[in-house]
Each structure stands twice: as structure tokens, then as C-alpha cells.
2 protein chains.
Amino acid sequence: MLREDVTDAIRAAVFEELASVGFARMSIEGIARRAGVGKTAVYRRWKSKLALVLDLVSAVASQGLPAPATGSLYGDVRAVLELAAYALRHPVASQVIPDLLVEAARNPEISDAIKAALLDQQQGVAAVVVREAVARGELPGGSDPDRALDLIVGPLYWRLAVVRGDLPKGYLDDLAASAVAALRQH
Amino acid sequence: MLREDVTDAIRAAVFEELASVGFARMSIEGIARRAGVGKTAVYRRWKSKLALVLDLVSAVASQGLPAPATGSLYGDVRAVLELAAYALRHPVASQVIPDLLVEAARNPEISDAIKAALLDQQQGVAAVVVREAVARGELPGGSDPDRALDLIVGPLYWRLAVVRGDLPKGYLDDLAASAVAALRQH
DNA sequence: TTGCGACGATACGGTTGCGTTCCGTCGACA
DNA sequence: TGTCGACGGAACGCAACCGTATCGTCGCAA
């Protein structure tokens, strides 16, 4: 019976509120205000701020993350970086993701949700990329997928989400080549 | 005339409060409570929560960060990683640093302070390490220090502060070798 | 036409933190 | 011994938000 357009407006408002003030400062009153909706409409759907955010994050998680299959380690790494850079340059995501990651350090429920929505997805992709590279003979057997993820995504995350620097043309290519060199090391 | 022991108690309380609830949720009342001090004592010293934190961060910045000079690129990189890992494994710092970095994305004053206290320091160290490696012939001329910092610190930050995974024995050695391989690439 | 359910709006009491003011205490110094 | 200034503590009015309740409105289906 709940009107879907209202639900969508609330969901959108949560993302905007999350991006502009962060989870800690976010209020249900603020969400309702931004969505042009009564508080009642929000409480009719979710019982708390936490439930609301967990619901949104879980929705993202269920989308799944496609594993690249370009036929080469460099190509796969480059594809992962492309996707990650796209997300981290998005104005909303680049605020929301680090914010929720920090919040996750204090709240196990958020931690679990974020892990399922982002980290597990990425680790899955990394595992596939590594496995295929090993099968191709591009990497030695027993290569650690977690280490691979550190080396591939770490530098990009550092630059875009931590230092918040720019991304010069060709930098992703360079990063991919660097990551491959690092992965091959030893 | 202000009593120094009170000032110290407040400073310590700010760090603890910052670590346990984060900047956004931190309140002056909470700080005073934790320090066992009246609100008056806090307001007598700083005019706002922001001023308080900026003062602490600036104090950290003025300490300076020693640049390693081990005589080899691998040694320097390993030393940088050791120091960074020490900081990021510290229970207080590992909460406070990511928290303030996120806050910096929304507040230019915090951004400037954090940049001066952490990022500029690290970039300075990276610049020295790269310059000396170039002089030694270990890296080609024109190597970008910012890129070097991404490749050295990025993977470690990702693992310790983002994924919040553990740090297996020997991982820093491996990371240093991987970073050197990445830096040498191209 | 009537009834129902979701809607936006408004108000409620309660809690928390803000920044300020005032109090009585206590220690240092003259 | 008296003065002075920082102290902890308590209270202030104000603002925001909590979660709930109660309005009247509106659209739809019987």
C-alpha cells in the first residue's frame, strides 16, 4: 500500500544527506525535509536511521560486481581500476563510501553490510583475476588474492579518497602496469 | 595562569573522545566529562570544538616526520612502511586519522590542517626518497613523488585502515619489495 | 457515494548539546 | 592572613532531533 514514489524519494534523500553531512550527523528529520515528506512516511518504512542505511547498502550489495575477463592480467587489472575510479570519482559515492567505512569501524552492523556490499565483492573479483592469471602462467601459483587487492586498489583509493588528488590522463594505465609489476614481484 | 595539568587532561580527553565517537559526534560536554573538568575550563582555552581539534592536529604537524636515509630505495621504502604501519596499528590513531580525513572532505579548515600534519609530511618524505633513488640510479629521472607515495602507502592504508585486515609477518617486507618493483616499472 | 489507507503537517514531551553565567572552593603568592 | 584567579559544578535559555500521536486531505476501489 506504501506509495513507491515516496519510497524512492526517501531513498534518494538518504543518499544525498549521507553525502552532504555524513552518517553521524544525518537525521531522520533532515531526510524527510529533503525528500519533501513527513517523518511519518519514513518511520512507516524503516524503524531507525541504521535500518534505513543498512537497507540501502544491502541493495547495493545484491547487485553483484562483474568480474572482468579480458584475457590478460594487465587488462583485468585495468578494468578493475576503471570501475573503481568511476565509483570513487562519483561525487556522492566518493563521500558516502569513506564515510561508511569509518562508521563501520565503530558499528559491527554497518561493518558487516559494507563488507558484503563492497569488500567481499572486490575480494571475489580479485580472486578470479588472480586465479585466471595463475592459470595463464602470468602469476606464480599460490599468489594471494588479498595481497593482489591491496596492490591494485590501494594506490587508487589513497589518491582519490584519502589525498583527494586528481587523476591525470593515463594514470590508470600507469597504475595498472605498476600493479602488474608489483604482483609479479617474487 | 591556566593550569597545565588541566590543559593536558583536556587534550588527552579529546584524543580519546575523537577515537571512540569520532569528530562528528564529539561534544565539548563529553570532553569535559571525560577529562573530569568543567566545561568552563575548556571554553577558557578554546572557543569551539573545531579550534580544539585544529590545535591538536597542528601540534602533531609541527613535530615533523624524519626522512629515512638507509642508502637503498628498498630500505627507505621499508622504513616508511614501518612508520606508517606503526601509526595505523595504534588503536587511537587508526580511528582518528581516517575519521579526520573523512571530515576533511567536508571542512576546508580540517582539510588544510590534516594536509599539513600528514599528507604534506608524507609527500615531503616521498620526494626525498625518490630524489635520492634517482641520484643513486635506482629510479629513472623525472619519477613522480606523488605517484611513489600512492604506490608505497596506498596498499598499506587500504589493508589497515579500510579493510581493517591483519598484517601477517613479513608482509611489510613483501609490500616494500612490491612497491619497489612498481616504482621501477617503466 | 462511501470507506479506507497513505499522505503531509503539526504538536507533543523528552533528551542532548550549545555557549554563558554564577557560585563556592582552593592553592599560590604577597 | 588576605587577595586573586583558575577551578568544578550547577543552572540557564536556546536549538535540534528523537519517536509518537493526531489532525485533515487525497486517491482509489468497492
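Since we're looking at a predicted model, the values are computed, not measured. Numbers restart at 1 for each chain; the letters A, B, ... are given by sequence-line order, proteins then strands.
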Check your understanding: Under 3.5 Å, is there a donor-acceptor pair linking the side chains of B:Tyr157 and B:Asp150?
Key -> no
Here the distance between atom P of C:dG27 and atom CG of B:Leu2, to the nearest Å, is 18 Å
A:Ile31 CD1 to C:dG8 C1', in whole Å, measures 17 Å
Please list each protein N or O that sits under 3.5 Å from an N or O in nucleotides 28-30 of chain C, with the distance.
none

Kindly list each side-chain donor-acceptor pair under 3.5 angstrom involving residues 118-134 of chain B, sequence neighbours excluded, with atom names and distances?
from, atom 1, to, atom 2, distance (Å)
B:Gln121, OE1, B:Leu65, N, 2.9
B:Gln121, NE2, B:Ala61, O, 3.0

Quick tally for nucleotides 9-14 of chain D: nucleotides whose base has a protein heavy atom under 4.0 Å get B, sugar-phosphate-only ones S, the rest -, giving B-----
Do A:Arg147 and A:Leu183 pass the side-chain contact (heavy atoms from CB on, under 4.5 Å) test, and can you show the C-alpha distance, the side-chain angles, and the key distance before you say yes or no? CA-CA 8 Å; A:Arg147 169 177 172 271; A:Leu183 285 169; 4.3 Å; yes
Here the distance between atom C1' of C:dC18 and atom CH2 of B:Trp46, to the nearest Å, is 18 Å
Assess the side chains of B:Arg45 and B:Thr7: does a donor N or O sit below 3.5 Å from an acceptor N or O? yes
Do B:Ser111 and A:Arg164 have a side chain donor and acceptor closer than 3.5 Å? no
In whole angstroms, the gap separating C1' of C:dG8 from CZ of A:Arg34 amounts to 19 Å
Out of C:dC7, D:dG19, C:dA6, minimum distance to the side chain of A:Met1 belongs to C:dA6
Ranking B:Lys47 and B:Arg44 by the position along DNA chain C of their nearest nucleotide, the one closer to 5' is B:Lys47
B:Glu4 CD to D:dG5 P, in whole Å, measures 20 Å
Q.
So does A:Phe23 get a backbone contact from the side chain of A:Asp99, meaning a donor-acceptor N/O pair under 3.5 Å?
A. yes
A:Arg3 atom CZ is separated from C:dC4 atom C1', nearest whole Å, by 15 Å
Check: Would you say the side chains of B:Thr70 and B:Arg78 form a donor-acceptor pair under 3.5 Å?
Finding: no
- Query: Are OP1 or OP2 of C:dA6 and a side-chain N or O of A:Arg45 less than 4.0 angstrom apart?
  - Reply: no
Rounded to whole Å, OH of B:Tyr43 lies from P of D:dA6 at a distance of 19 Å
Separation of D:dA16 atom P from A:Lys49 atom NZ, nearest Å, is 17 Å
> Between B:Asp144 (side chain) and B:Asp146 (backbone), is there a donor-acceptor pair under 3.5 Å?
Replying inline: yes
Looking only at heavy atoms, the pair that brings B:Val14 and B:Leu56 closest together is CG1-CD1, 3.8 Å
